[in-house]
Amino acid sequence: MTDRLAELAANLATVRSRIAAACEAAGRDPAEVTLIAVTKTFGVADVLLLSQLGVTDIGENRDAEAAPKAAACAAAGVTVRWHFVGQLQVNKAARVVAYADMVHSVDRIRLAEALGRRAGGAGRVVDCLVQVSLDDTEPDGAARSPAGAGSRGGADPAEVPAVAAAIAAQPSLRLAGVMGIAPLGRPARPAYARLREMAELVRAAHPAARVMSAGMSADMGEAIAEGATHVRIGTALLGGRRPFVR
Ligand SMILES: *Cc1c(COP(=O)(O)O)cnc(C)c1O
């Protein structure tokens, strides 16, 4: 085993046991929670090692980085599910639907329409999540002024049903659920409780939309307690990120 493979294996074991402990505390089955390894800023070699260790789902947040990694994995004959988790411009939709299996960051109708058109053109069907802005969640659940500096993206909760409907209306997209990023510097649990409400609202109208993508290295336990089905883990698996792309 190379040093890096051993390091990733150890980190993976730790993350899996954190997921198992959070599931046990919440009375949930760990099989309900999909681990997405967020490999942004790390090279494709790490993606291949993670795949070797049994990780099946890989997350990236920038097309310029994700596209060549996806191509390199395909060339190596390695099949993983690619999750696009970053903010997305309409003019990048065509590129992203070429490799993404699930887009987590659909937060406006125009983006849903562009993704649908481009996926159709590429002959693909892509799972999509409505990203919900959780920036206005106070610890007591009360609303704050709308997202400003430090916003992590996402549709305002009031817009979520319309964005969900726009995804569902596209024949080449599958509305799979919702995604949220907890606000920085405030407790995650109330934000994820809010996301769970939005997940239930979307599911009431679209019963097949069962995904709740929530939880990162620091707060996967809170997210699992609120029903996360997909956790997006970077640092705890791969280590600290350098401030530039390798
Ligand atoms: C980077 C990133 C993650 C992973 O964050 P860590 O704190 O490193 O686990 C999860 N979700 C999104 C949207 C990200 O951009």
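Numbers here are sequence positions counted from 1.
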Looking at Val178, is its backbone amide N or carbonyl O close enough to the side chain of Gln131 to form a donor-acceptor pair, meaning the two atoms are under 3.5 Å apart? no
Around Asn91, counting heavy atoms of other residues, nucleotides and ligands shown, do more than 12 lie under 6.0 Å from its CG? yes
For Ile224, does its backbone N or O pair with a side-chain atom of Arg28 as donor and acceptor, under 3.5 Å? yes
For Gly234 and Arg241, the nearest pair of non-hydrogen atoms, with its separation, is CA-NH1, 4.1 Å
Ser172 and Gly120 have their tightest heavy-atom pair at OG-CA, 3.0 Å
Could you tell me the separation between the CD1 atom of Ile233 and the CZ atom of Arg18, rounded to the nearest 0.5 Å? 7.0 Å
Hey, does the side chain of Asn61 reach the backbone of Gly86 with a donor-acceptor pair shorter than 3.5 angstrom? no
Heavy-atom neighbours of Glu32 CD exceed 12 at 6.0 Å: yes
Ignoring hydrogens, what is the shortest heavy-atom contact between Ser217 and Ala236? Give both atom names and the distance. OG-N, 2.9 Å
Is there a chain of hydrophobic side chains (I, L, V, M, F, W, Y, each step under 4.5 Å between heavy atoms) that links Met179 to Ile36? no
Taking the side chain as C-beta and beyond, is there a heavy-atom pair between Thr34 and Thr229 under 4.5 Å? no
Are Ile19 and Val38 connected in the hydrophobic side-chain network, where two residues link if heavy atoms are under 4.5 Å apart? no
Verify the neighbour count for atom NZ of Lys69: are there more than 12 heavy atoms of other residues, nucleotides or ligands below 6.0 Å? yes
With salt bridge (charged side-chain N to carboxylate O under 4.0 Å, His left out) as the test, would you mind laying out the steps for Arg110 and Glu113 before giving the verdict? CA-CA 5 Å; Arg110 251 167 49 79; Glu113 291 170 347; over 6 Å; no
Minimum heavy-atom distance between Tyr99 and Ala66, given as atom pair plus value: OH-CB, 3.4 Å
Hey, are the side chains of Gln170 and Leu115 touching, using non-hydrogen atoms and a 4.5 Å cut-off? no
Is there a side-chain contact between Asp219 and Arg189, using heavy atoms and a 4.5 Å cut-off? no
Please check if the side chain of Ser133 supplies one atom and the backbone of Gly154 the other of a donor-acceptor pair under 3.5 Å. no
Answer yes or no: is there a side-chain heavy-atom contact under 4.5 Å between Val231 and Val15? no
Establish whether Phe42 and Leu8 are linked, either directly or via other cluster members, by ILVMFWY side-chain heavy-atom contacts under 4.5 Å. yes
Quick check: does any side chain N or O of Asp46 sit under 3.5 Å from a backbone N or O of Gly43, one acting as donor and the other as acceptor? no
What about Val132 and Val103, same hydrophobic cluster or not, with Ile/Leu/Val/Met/Phe/Trp/Tyr joined at side-chain heavy-atom distances under 4.5 Å? yes
Examine Met212 and Met220 and state if one hydrophobic cluster contains both, with Ile, Leu, Val, Met, Phe, Trp and Tyr joined whenever side-chain heavy atoms are less than 4.5 Å apart. yes
Taken to the nearest 0.5 Å, the spacing of Ile109 CD1 from Glu159 CD works out to 8.0 Å
One thing to verify: whether Glu65 and Arg62 come together as a salt bridge, which I'm taking to mean a side-chain N less than 4.0 angstrom from a carboxylate O. yes
Is a donor on one side and an acceptor on the other found under 3.5 Å between the side chain of Asp29 and the backbone of Ala31? yes
d(Leu35 CG, Leu12 CG) to nearest 0.5 Å is 6.5 Å
Is there a donor in the side chain of Thr39 and an acceptor in the side chain of Glu60, or the other way round, less than 3.5 Å apart? yes
Give every residue pair that meets the ring-ring contact (aromatic ring centres under 6.0 Å, His included) criterion with at least one member in residues 162-183, sequence neighbours excluded. none
Walk me through it: do Met102 and Val211 pass the test side chain to side chain contact (heavy atoms under 4.5 Å, CB included)? CA-CA 11 Å; Met102 184 179 281; Val211 171; 4.2 Å; yes
Taking the side chain as every heavy atom from C-beta outward, state whether Arg4 and Leu238 have any atom pair closer than 4.5 Å. yes
Any side-chain heavy atom of Leu53 sitting closer than 4.5 Å to one from Leu5? yes
Residues 121-130, side-chain donor-acceptor partners within the protein, below 3.5 Å, at least two apart:
| residue | atom | partner | partner atom | Å |
| --- | --- | --- | --- | --- |
| Arg124 | NH1 | Val97 | O | 2.7 |
| Arg124 | NH1 | Ala100 | O | 2.7 |
| Arg124 | NH2 | Asp101 | OD1 | 3.4 |
| Asp127 | OD1 | Arg174 | NE | 2.8 |
| Asp127 | OD1 | Arg174 | NH2 | 3.3 |

Tabulate below the donor-acceptor pairs under 3.5 Å that side-chain atoms of residues 195-210 make, not counting sequence neighbours, or state none.
| residue | atom | partner | partner atom | Å |
| --- | --- | --- | --- | --- |
| Arg196 | NE | Glu226 | O | 3.3 |
| Arg196 | NH1 | Glu226 | OE1 | 3.2 |

If you compare all heavy atoms of Trp82 against all heavy atoms of Ala70, which two are closest, and at what distance to 0.1 Å? CZ2-CA, 3.5 Å
Please name the residue in the list His83, His230, His104 that meets the side-chain hydrogen bond (donor to acceptor under 3.5 Å, both in side chains) test with Ser213. His104
What is the minimum heavy-atom distance between Ala22 and Gly221, and which atoms define it? CB-CA, 3.9 Å
Where do Arg232 and Ile181 land on the side chain to side chain contact (heavy atoms under 4.5 Å, CB included) test, with the steps shown first? CA-CA 10 Å; Arg232 309 179 307 269; Ile181 302 174; 3.6 Å; yes
Yes or no on salt bridge (charged side-chain N to carboxylate O under 4.0 Å, His left out) for Arg95 and Asp63, after CA distance, side-chain angles and deciding distance? CA-CA 7 Å; Arg95 286 179 55 92; Asp63 170 67; 2.3 Å; yes
Less than 4.5 Å apart, side chain to side chain, heavy atoms only: is that true for Val163 and Leu111? no
Using only atom types and a distance under 3.5 Å, with no angle test, would you say the side chain of Arg186 pairs donor to acceptor with the backbone of Asp135? yes
